[in-house]
Structures are given as structure tokens and as C-alpha cells.
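For ligands, and for the atoms within them, numbers begin at 1 and follow the listed sequence. The first residue of the sequence shown is numbered 1, and numbering continues consecutively from there. Computed over heavy atoms, backbone and side chain alike; hydrogens, waters and symmetry mates excluded.
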Amino acid sequence: MFAKSISSFFFARTLNTTVPKMMSSTCIETLSAEGRRDFYNSFDTVLTDCDGVLWLLNNTIQGATEVMNGFKANNKKVFFVTNNSTKSHTQFLEKFHTLGFNALANEVVSTSFLAAKYLKANLDPSKQVYVVGSPAIACELDALNIRHFGVGEDYLKTSVPTFVENIKLEPDVGAVLVGFDEHLSYPKLFRAASYLKDQNVLFVATNTDESFPVAGTGLVMPGTGSLVCAVQTCAGREPFVVGKPSSYICNVLTETNKIDPSRTLMIGDRCNTDILLGKRCGFKTLLVLTGVNSLKDVEEWSKSDNPKLLELVPDYYAQKLRVSYRDKSDVLLEDNLESKNPHQLFSIWFKKASEHDNVRQPNAACLATATKSGIPSARFVLLKAFGESGYTFFTNSESRKGREILTLEFNLVFLNRVFLLKFLSIIPTMEENPVAAMTIYWDALDRSIRIEGAVEKIDETESTEYFDTRPKSSQIGAHVSRQSTVISSRESFSKQNEKLEVEFAEKRVPRPSYWNGYKIIPKTIEFWQGQSDRLHDRIVFERAEHAAEKQIASHAGENGWVFYRLSP
Ligand SMILES: Cc1ncc(COP(=O)(O)O)c(C=O)c1O
């Protein structure tokens with residue numbers, strides 16, 4: 001039978017990502033390949049949030065490393081911006097490397113680092129900092145020679161009145177810095193509020209993330225925002241926040257880097273920190289749905305007329321970070337083609353398309369035919385088998401394509417005088433031109449394959465065998481439809497269908513003689529792959545004898561094929 005039957009692919013495939021439409025956010029995953037390319041080329045700097053975008057706790061979110069490393073490989077400037085103050089710069093860098101991200105020290109921006117930087121610039125050097133926070137903050141303050149105290153346990157060991165009687169405040173505190181502190185206690189709040197009573201004491205907070213969902217548990221982890229709020233309430237003052245959504249981060253980044261806001265993308269999972277930062281700084285914003293906020297949140301905000309909520313709506317959203325563009329290193333090179341036999345290469349590409357969630361019908365192929373005088377026509381058919389012996393599709397031989405690809409077998413019949421009259425009564429003019437071109441395009445993969453060659457009718461027993469495997473409704477349809485002829489109405493056609501359904505209810509439906517399989521015997525097979533920078537790849541396989549005739553400089557393929565590259 002068929003060299004490689006692909007019948008298993010054609011019925012059962014459904015698109016399993018149904019992405020709702022929104023008024024003001026664009027879903028990246030539903031953009032065309034061209035649209036994704038335009039999006040990809042619209043920025044050259046990327047700021048990404050970490051937790052919820054790149055990882056969840058200590059586990060990388062699948063696809064994130066490829067995307068981030070791909071940005072860098074494509075010469076995009078990348079900054080990893082996290083509100084998490086519980087790790088020092090060095091600890092973050094270690095985490096990035098352990099999880100496979102190619103991060104450099106100057107690309108990692110954490111709030112412990114930002115807070116230390118802010119205090120270095122604004123604190124009187126003779127003063128010290130009271131820290132409600134983690135050892136990571138202490139580490140960053142040490143690195144900039146800023147004196148500090150307060151990190152660690154400080155629990156109430158006596159009654160409150162005794163504590164109040166005995167408390168001693170340090171005389172030279174110039175700032176109170178609040179970050180994530182697992183030892184937050186009444187004495188710490190007491191001290192912080194008391195230092196902040198002096199309006200000259202700076203009040204700095206790393207970030208204000210309220211809480212985090214603990215994935216799959218229903219638990220809520222209080223974030224630094226709740227600690228900051230406690231201090232803020234008793235101190236009666238608002239802090240200066242260094243973390244997202246404060247644009248302080250951008251001031252720091254632009255000190256040493258040239259950043260064009262209109263060509264910068266901010267990626268995040270939380271809208272009131274990540275997306276808001278992007279909006280405030282004039283960046284493009286992309287929300288990924290792997291963390292805090294959901295599409296439902298965004299949909300609600302988009303409908304609101306509250307400007308504060310509308311500001312949280314991202315420009316783009318995606319289910320997750322994944323490679324939807326092509327990395328510069330992912331090019332088709334003559335030396336590393338997955339096969340030098342075009343049929344095998346077709347098979348490899350076809351398998352990939354078939355396994356892709358967003359390719360609904362991998363075997364839909366546009367078939368172009370032409371009349372003898374060269375008038376072209378094209379339509380989609382389903383490719384049912386492929387391989388060395390040809391690329392097979394089935395059709396009604398009396399349809400327009402059927403008449404145009406009228407094969408040698410019909411021509412011989414044509415020479416027979418008896419059949420001549422019968423034949424001419426079906427086809428008034430001679431239209432045959434038994435060559436065809438077939439093009440497949442897989443948008444989700446940004447790949448296309450073009451096949452050109454002579455067309456042959458396949459053996460009738462093969463057509464019957466395949467016809468017998470089709471659903472009964474399709475078999476009856478083949479009898480009802482005199483393809484490409486004019487019909488008076490849909491109704492008359494449906495009636496005929498109903499009639500045949502009754503007639504064949506208990507019977508096998510025979511293959512109509514005019515329903516046949518055809519195969520293109522490829523002379524050339526071109527493999528096209530889109531590239532983000534528009535330098536697309538085109539590799540053409542051609543039978544060696546034809547290429548030799550044309551004197552094309554080519555590479556040796558397998559099984560009598562050669563291949564060469566065409567300019568895109
Ligand atoms: C204490 C703390 N603060 C802030 C964050 C938010 O980090 P990001 O800005 O990377 O989402 C986290 C995430 O784990 C955290 O644990």
C-alpha cells in the first residue's frame with residue numbers, strides 16, 4: 001500500500017489551546033508567524049521578572065531558559081529583575097546558572113542590591129541602617145560598606161511594658177530598610193516605628209508584593225508588602241520603594257546602559273508590579289500566565305473604566321514563555337540537515353508539525369494545477385501518503401483539477417475512437433496538463449514545503465482500498481457530489497445525499513469510478529524555514545540528472561538527489 005500512510009493524522013486532531021479574545025491585550029500565541037516576527041523585532045532590550053516567569057521556587061518553568069538564552073544569542077540586551085530580597089546578587093547568579101540561564105552579574109537586578117545602591121547614594125555616610133530584612137540585605141549593604149544592624153531574631157522575651165522600659169535605640173540611625181523578614185516581630189515593628197518618628201530618617205522598602213499563591217496548595221504566602229504595610233501603619237509614613245513597579249530600577253539601569261524605552265519589553269506574571277513598571281517606563285509589556293495573575297483578572301480590568309485598573313492591562317499575553325521565534329543559531333545549514341534524502345526530511349518535518357498543538361491539519365496542502373494553455377488554479381487537498389513513490393491525494397477525476405491533471409492513462413483512452421465521443425461529452429475541451437505543484441505551510445513552525453513534478457493516477461485497487469477506509473458519510477458524499485459542476489441549491493444536493501444514505505444504509509458503498517488517487521512524483525522538493533531576521537532558509541532538493549542539465553552547483557544528497565540553497 002502507501003509507502004507511509006498518514007491516515008492516522010487526519011481525523012482526530014483538535015486544537016487544544018483555546019485562547020479567549022480580549023479587547024486590549026494581544027495574545028502572542030495567536031499571532032501569525034509574520035506577526036510574531038514583527039513582535040520579536042520590535043524590541044532589543046528585555047526586562048524579565050523571575051519568580052512566576054522563569055521559575056517557580058527552584059523549578060524552571062519549561063521553555064524559559066531557551067527563550068531567555070535565545071534572546072541573548074540574538075543580541076538582545078537582557079535584565080533579570082526580581083523583587084525577591086532574600087537572596088544576594090551572588091546567590092541569584094548561582095541560581096541562574098544552576099537552572100541553565102546564561103546570566104551575567106550586571107544583568108541581575110534584585111531588590112536587596114537596589115536598596116543598598118539607593119542607600120549608598122542617599123544616606124549620610126556617618127549614619128547606619130536599621131534593617132527589617134534578610135541576611136541577603138545585610139550582604140549587599142556590607143558590599144557597599146554601609147553600616148547596619150537588625151538582621152536576625154528579635155523576639156519579645158519579656159512583657160511589653162518591661163520591653164518598653166528597657167528598649168535602647170541606637171543614636172545614629174539614618175534609615176530604616178524593610179524587606180522580607182521571616183523573623184518579623186513586635187520588637188522589630190516597635191524599633192522601626194520609633195526610628196521613623198524622626199522625619200530625617202529615610203524609610204526604604206524593597207518591594208510591596210502583597211502575597212504569593214503557593215501553587216497547588218490553596219495556601220497564601222504573605223509577601224514583603226504585608227510587612228511593609230505593618231511598619232507603614234505604625235510609623236504613619238510611606239516608604240520609598242526600590243522594587244517593581246518603582247521606576248527607580250530604570251534609573252539604575254539607564255545609568256550604565258543605553259535603553260530605548262520604545263524598544264524595550266517587560267515580561268512579568270504580576271500586573272501590579274511587573275506590568276505596571278513597564279507601563280510607567282514606556283516599555284511594551286507581556287504578561288505570562290504561569291504565575292500570579294490570570295487572564296480573568298486582565299479581562300475584568302480591561303472592562304473597567306478605572307484608569308488605575310486599566311493601567312494594569314498588558315499589551316500582550318502568552319500562556320508561558322516559549323520559543324515562538326527562531327533563534328539565530330536555529331538555521332537550516334547544508335551540513336546539519338536532519339536528512340539528505342528529501343522524503344526522509346519531509347517525514348521528520350511532517351512528524352514535528354503533526355505533534356504541534358497549533359497545527360490543526362498538518363496534511364492540508366495547496367495543490368496548483370494549470371490547463372494546457374497555462375491558466376492556473378489552486379485549492380487545498382489533503383495529502384494522504386508520501387515517500388519515494390509519490391505524494392498522494394484523492395479527488396474527483398471530473399473536478400477542475402481532475403480534468404487539468406488528466407493523466408496519460410486517459411490520453412491513451414482518448415486515442416480510442418469509441419471512447420472519444422463519450423469522453424468529449426464529459427469534457428468539452430482538452431485541458432490536460434499532468435503536472436502539479438503542492439505547497440504545505442505550517443504557520444506555527446514557520447515552515448513550508450513545496451513539491452513539484454509530474455502527476456500519475458495511482459493504481460485503482462489502491463484507491464478502492466483507501467476509499468473503503470473512509471467514513472460512510474464521506475463515501476456517500478463522493479457519490480452525491482459531481483465536483484465542480486453547478487448545482488441549483490444546497491437543498492437539492494442534501495436531498496440526494498439523504499436518498500443515498502437510505503439506499504446504502506445496509507450496504508457497502510462502492511468507490512465511484514471517477515473518484516481516484518493521484519500522486520505527484522517530485523522533481524523538486526523545497527524546504528523553507530522562516531527566520532526572525534527575515535534571512536529565511538530555502539533548501540531545494542532536485543533529481544541529480546535535472547540539476548546537472550541546468551549546471552547548478554549543488555551538494556550531494558541521497559538516493560539520486562542533490563540539493564542547493566536559494567536566496568530568500
Ligand atoms: C520574598 C519574595 N519577595 C518577592 C518575590 C517576587 O519575586 P519576582 O519579582 O521575581 O516575582 C518572591 C518570589 O519568590 C519572594 O519569595
### Task
Specify whether Tyr195 and Tyr130 have parallel, tilted or perpendicular ring planes, treating 30° as the upper limit for parallel and 60° as the lower limit for perpendicular.
tilted

#### Entry: Protein heavy atom at shortest distance from atom 11 (O) of ligand 1
Asp49 OD1, 2.8 Å

### Message
Nearest 0.5 Å, please: how far is CG in Asp209 from CG in Leu227?
### Response
11.5 Å

### Task
Anything under 30° is parallel, anything over 60° is perpendicular, the rest tilted; go ahead and classify Phe527 against Trp349.
perpendicular

### Query
Of all the non-hydrogen atoms in the protein, which one sits nearest to atom 12 (C) of ligand 1, and at what distance?
Phe212 CZ, 3.5 Å

### Query
Which ligand 1 atoms, with their elements, are less than 4.0 angstrom from a heavy-atom of Asp51?
7 (O), 8 (P), 10 (O), 11 (O), 13 (C), 14 (O)

### Message
Out of all atoms in ligand 1, which are within 4.0 Å of some heavy atom of Cys50? Include the element for each.
### Response
10 (O)

### Query
Which of parallel (below 30°), tilted (30 to 60°) and perpendicular (above 60°) describes His536 and Trp528?
tilted

### Query
What is the closest protein heavy atom to atom 16 (O) of ligand 1, and at what distance does it sit?
Asn84 ND2, 3.4 Å

### Val78 backbone acceptor or donor facing Lys72 side chain under 3.5 Å
no

### Query
By number and element, which atoms of ligand 1 are closer than 4.0 Å to a non-hydrogen atom of Thr82?
7 (O), 8 (P), 9 (O), 10 (O)

### Task
Taking only heavy atoms of Phe180 into account, list the atoms of ligand 1 that are under 4.0 Å away from them.
1 (C)

### Message
Going by ring-ring contact (aromatic ring centres under 6.0 Å, His included), Phe43 matches just one of Phe283, Phe71, Tyr316. Which one?
### Response
Phe71

### Message
Quick check on contacts: which atoms of ligand 1 are under 4.0 angstrom from a heavy atom of Asn83?
### Response
3 (N), 4 (C), 7 (O), 8 (P), 9 (O)

### Task
Could you see which bit of Arg270 sits under 4.0 Å from ligand 1, with heavy atoms only: side chain, backbone, both or neither?
neither

### Query
For ligand 1, which atoms, with element, lie under 4.0 Å from some heavy atom of Asp209?
6 (C)

### Summary
Distance col, row Leu93:CG vs Lys87:NZ, nearest 0.5 angstrom, shows 12.5 Å

